[in-house]
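Just below is one structure, and these are the notes that go with it.
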Amino acid sequence: MQADGTCPFCKQIVDYTRNAKVVAARERGEEIEAEVAVPWHLKLLLASSAVYLGWRAVQGVEWIIGRF
């Protein structure tokens, strides 16, 4: 999707809210920057990776303590 809420291939409006914001800003003579949203599943992946690696670090410390 393009910054103005249209499809890059067929040029039809896909996101009407974003398109309305862009049209209103153009009427005022302003230019809206493209919004780059982070997908929720990427946030979930990063959070779960942090939890997993944290747990593995705890297990590693326990293993090192157990070896001595």
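Looking at R26 and D4, their side chains come closer than 4.5 Å, going by heavy atoms from C-beta outward. Counting heavy atoms from C-beta on, the side chains of T6 and N19 come closer than 4.5 Å.
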Item checked: Intermediate values then yes/no, side chain to side chain contact (heavy atoms under 4.5 Å, CB included), L44 and W40 -> CA-CA 6 Å; L44 179 66; W40 64 269; 4.0 Å; yes
**Asked** Checking side chain to side chain contact (heavy atoms under 4.5 Å, CB included) for the pair R56/Y52: CA distance, chi angles, key distance, verdict?
**Response** CA-CA 6 Å; R56 294 297 288 179; Y52 172 74; 3.6 Å; yes
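Counting heavy atoms of neighbouring residues, nucleotides and ligands inside a 6.0 Å radius, atom CD of Q12 does not exceed 12 of them.
Both L46 and V38 sit in one connected hydrophobic cluster of ILVMFWY residues. Membership requires side-chain heavy atoms under 4.5 Å apart, directly or through other members. By the criterion of side-chain heavy atoms lying less than 4.5 angstrom apart, applied directly or through intervening Ile, Leu, Val, Met, Phe, Trp or Tyr residues, W63 is grouped together with F68 in one hydrophobic cluster.
One finds the CG atom of D15 at 12.5 Å from the SG atom of C7 (value rounded to the nearest 0.5 Å).
Scanning both residues, R18 and Q2, for their nearest heavy atoms gives NH1-O, 3.7 Å.
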